[in-house]
Amino acid sequence: MNRVHNFSAGPAILPLEVLQKAQADLVDYQGTGSSIMEKSHRGADYTQVHEEATALLTSVLGLDDDFEVLFLQGGASTQFLMAPLNLLSKGQTADYINTGAWSTKAIKEAKAFGEVNEVYSGKDGNFTHIPTQEELAFNEHTRYVHFTSNNTICGTQFATEPETNGVPLVCDASSDFLSKPIDIARYGIIYAGAQKNLGPAGVTIVIARKDVLEGISKTDIPTIMNYRTHVQNLFNTPPVFPVYMVKLVLEWIQRKGGIPYFERFNLEKANLLYSAIDEDDFYSGTADLASRSLMNVTFRLPSEELEKKFIHEATAAHLDALKGHRSVGGVRASIYNACPMESVQALVAFMADFKTNHG
Ligand SMILES: *Cc1c(COP(=O)(O)O)cnc(C)c1O
């Protein structure tokens, strides 16, 4: 076996035991004579997979009866459009917190449907900062407050969700979904592309509060873009293989001890890595201390030349995909749920060696 230490921001590492289970099931799914990709999405085998994935997600997140779980397509990017299309009408307003490139895209889409208030923008500070509650003033009549819980590109993360005094949160949780506990009662909609923390690309998880769905009054929403179309029955063919993979990942999360386990584990990994960055000023973290992400750890070296060398030598040492996003440069280590402690330890050891040789 020749697996690298994989720090890819997305599509990202999957648990080895999940890949192996999928491999064992691939050609002949549980003795049925065909793979899960080759069966009707309305047949007994896939129905069971879909129902189990829903039940597992409900249990891992501790959802009560107030929420619906949907497995949709089109990525998180489609949700930038679908959320305001469903929830926002002309003459209504929605508050958006702009903490990076993904929030900026969500804002752009929402503007087609109603009044969008950018209640905070971190743009002038290169998105290195997450606003505190004092920096946020929501509009009295906002329909919802949209935020990006973790900013995959710049490496910042909300430590807790903003306080909105009962206004539903709409959250893009693509890159920290199920990595730590959330206060689910505050959310109207949570969406997440699976390919960062939950499975392969091709399925988008949408968790929607029933009263928010019931409150949708618009009548001109195209059928497939209407959240309510996807409640209860499958409207069209779901991404059967990604949903099956998500089910395996959820089983793995549950076996490990659920969200409480990953909260501890992710904190331990991030602390180890940030300690190595903070040791002296050879490495420097790019995010404000209080805004640092536990999922995407972004840092710089003393020069771009050294950064190039760092990434090149790291790759040769099987430490893969450490190059920062093209829009910000530097180094980014994505250490999602499935990233093992050994990979972070190997990176920290490499960083120490590199500093000795080039510092
Ligand atoms: C990756 C990412 C997206 C884009 O997801 P797609 O599934 O490619 O549309 C959106 N938001 C965040 C926070 C992301 O990390």
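We count ligands from 1, going down the list as the structure has it; atoms in each ligand are counted the same way. Note: hydrogens, waters and symmetry copies are ignored here, and every other heavy atom, side chains too, is used. Each residue takes its place number in the sequence, starting with 1. Here the structure is a predicted model, which means the values were calculated and not measured.
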Between the protein and ligand 1, are there any N or O atom pairs that come within less than 3.5 Å of each other, and if so, what are their names and distances?
{"from": "ligand 1", "atom 1": "7 (O)", "to": "Ala76", "atom 2": "N", "distance (Å)": "3.1"}
{"from": "ligand 1", "atom 1": "7 (O)", "to": "Gln195", "atom 2": "NE2", "distance (Å)": "2.9"}
{"from": "ligand 1", "atom 1": "9 (O)", "to": "Ala76", "atom 2": "N", "distance (Å)": "3.2"}
{"from": "ligand 1", "atom 1": "9 (O)", "to": "Ser77", "atom 2": "N", "distance (Å)": "2.9"}
{"from": "ligand 1", "atom 1": "9 (O)", "to": "Ser77", "atom 2": "OG", "distance (Å)": "2.6"}
{"from": "ligand 1", "atom 1": "11 (N)", "to": "Asp172", "atom 2": "OD2", "distance (Å)": "2.6"}
{"from": "ligand 1", "atom 1": "15 (O)", "to": "Thr152", "atom 2": "OG1", "distance (Å)": "2.4"}
{"from": "ligand 1", "atom 1": "15 (O)", "to": "Lys196", "atom 2": "NZ", "distance (Å)": "2.6"}

Test item: side-chain donor near acceptor, Tyr144 and Tyr96, under 3.5 Å
yes
With a 6.0 Å cut-off on ring centres, are Trp102 and Tyr191 close enough?
no
Could you list the residues that satisfy side chain to side chain contact (heavy atoms under 4.5 Å, CB included) with Glu52, not counting sequence neighbours?
Gln48, Lys247, Glu251
Just jot down the ring pair (Phe, Tyr, Trp, His ring centres under 6.0 Å) partners of His50, sequence neighbours excluded, or say none.
Tyr46, Phe71
Intermediate values then yes/no, salt bridge (Lys or Arg N to Asp or Glu O under 4.0 Å), Arg292 and Asp278:
CA-CA 13 Å; Arg292 282 177 161 179; Asp278 293 338; 2.9 Å; yes
For Phe67, the ring pair (Phe, Tyr, Trp, His ring centres under 6.0 Å) test, sequence neighbours excluded, returns none
